[in-house]
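This report concerns only the one structure given below.
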Amino acid sequence: MNYWLMKSEPSVFGIDNLARAKNSTTGWDGVRNFQARNYMREMRKGDLVFFYHSSCEVPGIAGVATVQREAYPDPTQFDSKHDHYDAASKADEPRWSMVDVKLVRKFDEVLSLDELRKHAAGKLKDMVVLKRGNRLSITPVTKSEWHFIEALV
DNA sequence: GCCAACGTTGGC
DNA sequence: GCCAACGTTGGC
């Protein structure tokens, strides 16, 4: 079992959208970064995910989700009218993948980036999402980071 | 294979 | 809205 952090802008799709979705599950499409894609391909059903709110008033972890379906081709890459259309991707060798994630629980309040940073010199010193300049939308979380953060909530 | 230009992310 | 950081593209 592995642990991950996935960023989403709540103005586009936040944790409340996930809570309202059918079966509290959504397809995580639109990823167009190779490293993030590779991480999605490593995800296994049952892996746990911190659902992170970015580009908003209080950036931070809003709750926990789980991988419900492992990587499969993202159909938006083949839709020429879609923002995420990729003319270079071939049907027999899709370039972009997506996974489905299901809500596990929403935190009572967002565990803010500020709060996480308080531990940036300690238990969370290697946490990828806290590293300077990090923009990756999907990052791995270690088991010890996961449990430490769960205990902060 | 280098690297400048460009686009995007995301905190502030 | 600003801008630092970084990924991608494309000319050479």
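Residue numbering restarts at 1 for every chain, and letters A, B, ... go by the order of the sequence lines.
Checking side-chain atoms of K7(A) against main-chain N and O of L136(A) turns up a donor-acceptor pair under 3.5 Å.
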Detail all sub-3.5 Å separations between protein N/O atoms and N/O atoms belonging to nucleotides 9-12 of chain B.
unit_1	atom_1	unit_2	atom_2	d
dT9(B)	O3'	R135(A)	O	3.3
dG10(B)	OP1	K7(A)	NZ	2.9
dG10(B)	OP1	R135(A)	O	2.9
dG11(B)	OP1	Y52(A)	OH	2.7
dG11(B)	OP2	S55(A)	N	2.9

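The pair E145(A)-K123(A) does not meet the salt-bridge criterion, since no charged nitrogen lies less than 4.0 angstrom from a carboxylate oxygen. Look at R95(A) and D86(A) and you find a salt bridge, because one of the NZ, NE, NH1 or NH2 atoms lies within 4.0 Å of a carboxylate O, short of that distance.
Put simply, CH2 on W96(A) is 13 Å from P on dG7(C), counting in whole angstrom units. At whole-Å resolution of the value, NZ in K131(A) and P in dG7(C) are 14 Å apart. Atom CG in N33(A) sits about 10 Å away from atom C1' in dT8(C), given to the nearest Å.
S97(A) pairs by the side chain to side chain contact (heavy atoms under 4.5 Å, CB included) definition with R37(A), R41(A), A71(A), not counting sequence neighbours.
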Result block: side-chain N/O donor-acceptor pairs under 3.5 angstrom for residues 50-61 of chain A, not counting sequence neighbours:
unit_1	atom_1	unit_2	atom_2	d
H53(A)	NE2	I15(A)	N	3.0

